[in-house]
Amino acid sequence: MEKPMSDAQVVVAGAGPVGLLTALGLARAGVDVTVIDALPGTEPRPHDMVYDWVVLPGIEELGLLRDMCRVGVMARTRSFRVLDTGEQIVHDLDVLADEVEHPFNVHMPPHLLTELVTARLAGHPRVGFAWDTRLTDVRQDAHGVTVTAETPHGTRTLRAGWLVGADGAHSQVRRSLGMGFPGMTWPKRFVAADIRFDLATLGSAPASWQLDPDDGAVMGQVDPSGLWRFIYAESRLLPEETVADRMPAVFKAALPDGADPLLESWAAHRVHERVADRFRAGRVLLAGDAAHVTNPTLALGMACGVLDAFALTRALAAVVHGEADDAGLDHYAQDRRRVFLEYASPVSTKALRFLFHTDSATRFGSGVERWRRLAADPRLLRDRLLDHRRLRGSPLP
């Protein structure tokens with residue numbers, strides 16, 4: 001027999017960064033929120049760890065930026081290392097200093113952000129958590145949403161005015177509503193290896209690309225302790241169970257002779273470019289990877305998801321408080337989908353094709369020259385970086 005859980009004004013499905021930032025924003029706006037997640041608590045997840053400068057004003061507004069900078073890595077430069085020559089091309093984000101308050105990115109594993117936010121929400125009178133609670137079904141009517149979930153105590157139901165699906169690329173919220181998730185899957189397997197080796201000794205900035213027609217890679221410092229993430233691509237025809245056996249050859253090509261990186265963990269996964277048919281179905285809204293996924297080359301998936309949370313918080317809080325009709329939610333759904341389709345996915349796709357799918361040495365060389373020109377012209381670099389403002393989308397009319 002189904003037993004009800006406590007009702008809420010809004011249920012947020014998914015306790016990753018996007019779901020928790022949405023919950024924090026709603027709670028600060030005076031909305032009662034229940035967060036549910038299938039996991040028993042926060043734990044490391046192999047997802048994007050870069051918080052682009054374009055999201056930092058919203059992070060600061062939520063009171064989190066100082067703690068993120070303390071726990072994470074402030075990346076003020078990014079570099080491009082040509083593997084066969086050792087050439088370093090450096091882009092300095094300080095060119096943004098006259099335009100933005102925070103001319104840097106922050107690197108931090110997602111689980112550390114979730115720990116910061118859950119600590120901030122612990123004991124908050126407007127927020128409840130239901131861990132180890134796996135959403136199985138969604139039903140809605142004109143007055144609200146009924147969520148069915150499996151818990152350690154059996155099947156439970158939860159009634160709410162609104163439901164936010166921030167439950168990842170395999171979103172059960174999206175599936176329960178029959179929403180499509182069209183797109184494509186890249187033909188290569190991506191491997192993210194967390195290693196103990198100071199890539200800064202090679203001249204790498206906290207965020208770096210390894211440029212090579214065959215051995216392209218994304219490298220990023222994970223935390224102040226010296227942990228780095230090395231992301232590379234390999235054929236999906238190779239057996240996944242022997243990924244670790246092939247890693248020494250990958251590191252041998254990238255690192256100096258005699259280097260012996262300590263491998264702490266790794267994850268292999270398929271990478272997709274997909275977007276939901278729509279981001280709103282009645283009283284249910286999608287955000288983050290539940291709504292859209294892109295490749296990790298530029299970390300624009302994380303930026304898009306965080307900005308989803310900010311936009312959705314503003315629109316949904318106004319509706320819950322009776323300060324606006326639901327036209328703002330339609331604007332959220334249409335505008336955030338437009339941003340992904342018109343900017344985030346195409347830009348990420350272009351970057352991935354250059355870094356991991358180079359067709360010829362000529363094309364590779366012209367791409368490297370493009371990075372050189374940006375490094376040599378601060379005004380050109382500034383304008384290119386400011387393009388990321390497009391990720392914010394259009395404000396509510």
Side-chain angles (χ1 to χ4, degrees), residues 1-27 32-49 109-122 124 127-140 144-160 162-179 181 192 265 267-272 274 276 279 281 283-293 301-302 305-306 308-309 312:
M1 179 179 178
E2 295 182 359
K3 295 183 179 180
M5 295 184 285
S6 299
D7 291 347
Q9 290 176 301
V10 177
V11 169
V12 174
V18 174
L20 289 176
L21 289 173
T22 301
L24 178 59
L26 290 171
D32 294 329
V33 184
T34 295
V35 180
I36 65 175
D37 196 277
L39 295 175
T42 60
E43 62 178 41
R45 308 181 192 188
H47 295 304
D48 289 345
M49 63 176 189
H111 73 279
L112 292 184
L113 178 62
T114 62
E115 289 173 4
L116 285 177
V117 180
T118 51
R120 192 68 59 91
L121 292 174
H124 195 292
V127 180
F129 284 92
W131 298 103
D132 210 3
T133 298
R134 183 174 60 87
L135 183 148
T136 58
D137 194 27
V138 176
R139 293 287 182 268
Q140 60 177 316
V145 182
T146 300
V147 171
T148 303
E150 294 298 328
T151 79
H153 308 291
T155 302
R156 297 288 190 268
T157 58
L158 175 60
R159 183 72 175 171
W162 300 88
L163 170 64
V164 175
D167 51 339
H170 300 290
S171 171
Q172 185 58 40
V173 172
R174 189 186 66 240
R175 293 178 177 185
S176 293
L177 295 173
M179 292 181 178
F181 203 42
S265 62
H269 49 87
R270 293 184 296 172
V271 174
H272 309 273
R274 297 185 181 276
F279 290 9
R283 289 178 169 267
V284 181
L285 300 118
L286 300 180
D289 284 356
H292 48 71
V293 288
M302 175 65 83
V306 171
D308 288 350
L312 180 53

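Because the structure is predicted, anything quoted here is derived from the model rather than measured.
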Q. Any donor-acceptor pair under 3.5 Å linking the side chain of Q172 with the backbone of L135?
A. no

Q. Within the side chain of S171, is there an N or O that forms a donor-acceptor pair under 3.5 Å with the backbone of D167?
A. no

Q: Without swapping roles, check the side chain of S176 against the backbone of R174 for a donor-acceptor pair under 3.5 Å.
A: no

Q. Between OG1 of T34 and CZ of F129, what distance do you get to the nearest 0.5 Å?
A. 9.5 Å

Q: Report yes if some heavy atom in the side chain of M179 is under 4.5 Å from a heavy atom in the side chain of L286; otherwise report no.
A: yes

(Q) Taking the side chain as everything from C-beta on, heavy atoms only, tell me whether T151 gets closer than 4.5 Å to D132. (A) no

(Q) Does Q140 form a side-chain contact (heavy atoms from CB on, under 4.5 Å) with L177? I'd like the steps, not just the answer. (A) CA-CA 10 Å; Q140 60 177 316; L177 295 173; 4.0 Å; yes

Q: Quick one: pull up CG in L158 and OG1 in T146 and give me the separation to the nearest 0.5 Å.
A: 8.5 Å

Q. Backbone N or O of V145 within a donor-acceptor pair of the R283 side chain at under 3.5 Å?
A. no

Q.
I'd like to know if the side chain of D32 and the backbone of Q9 have a donor-acceptor N/O pair within less than 3.5 Å.
A. no

(Q) Treating R134 as the side-chain partner and L39 as the backbone partner, does any N or O pair qualify as donor plus acceptor under 3.5 Å? (A) no

Q | Heavy-atom side-chain proximity of P110 to D48 below 4.5 angstrom | A | no

Q. Looking only at heavy atoms, which two atoms of T114 and G16 are closest? And how far apart?
A. CG2-C, 3.8 Å

Q | Under 3.5 Å donor-acceptor, D37 side chain and A15 backbone | A | yes

Q.
Tell me every residue that passes ring pair (Phe, Tyr, Trp, His ring centres under 6.0 Å) with F181, counting only those two or more places apart in sequence or in another chain.
A. none

Q. Is any side-chain heavy atom of L312 less than 4.5 Å from a side-chain heavy atom of V164?
A. yes

**Q.** Modelled atom types, side-chain donor and acceptor of D289 and H170, under 3.5 Å
**A.** no

Q: Please tell me if the side chains of L163 and V138 come closer than 4.5 Å, counting only heavy atoms from C-beta onward.
A: yes

(Q) Using the side-chain hydrogen bond (donor to acceptor under 3.5 Å, both in side chains) criterion, which residues pair with R120? Sequence neighbours excluded. (A) D67

Q: State, with a plain yes or no, whether a side-chain heavy atom of V11 is found less than 4.5 Å away from one of V33.
A: no

Q | Min side-chain heavy-atom separation L21-V117 under 4.5 Å | A | yes

Q | Pair E150, T136: side-chain N/O donor-acceptor within cut-off below 3.5 Å | A | no

Q.
Please report the interatomic distance CG(L285) to CH2(W162), rounded to the nearest 0.5 Å.
A. 7.0 Å

Q) For D137, which residues count as a salt bridge (charged side-chain N to carboxylate O under 4.0 Å, His left out) partner, sequence neighbours excluded? A) R139

Q. V173 versus V284: any side-chain heavy-atom pair under 4.5 Å?
A. yes

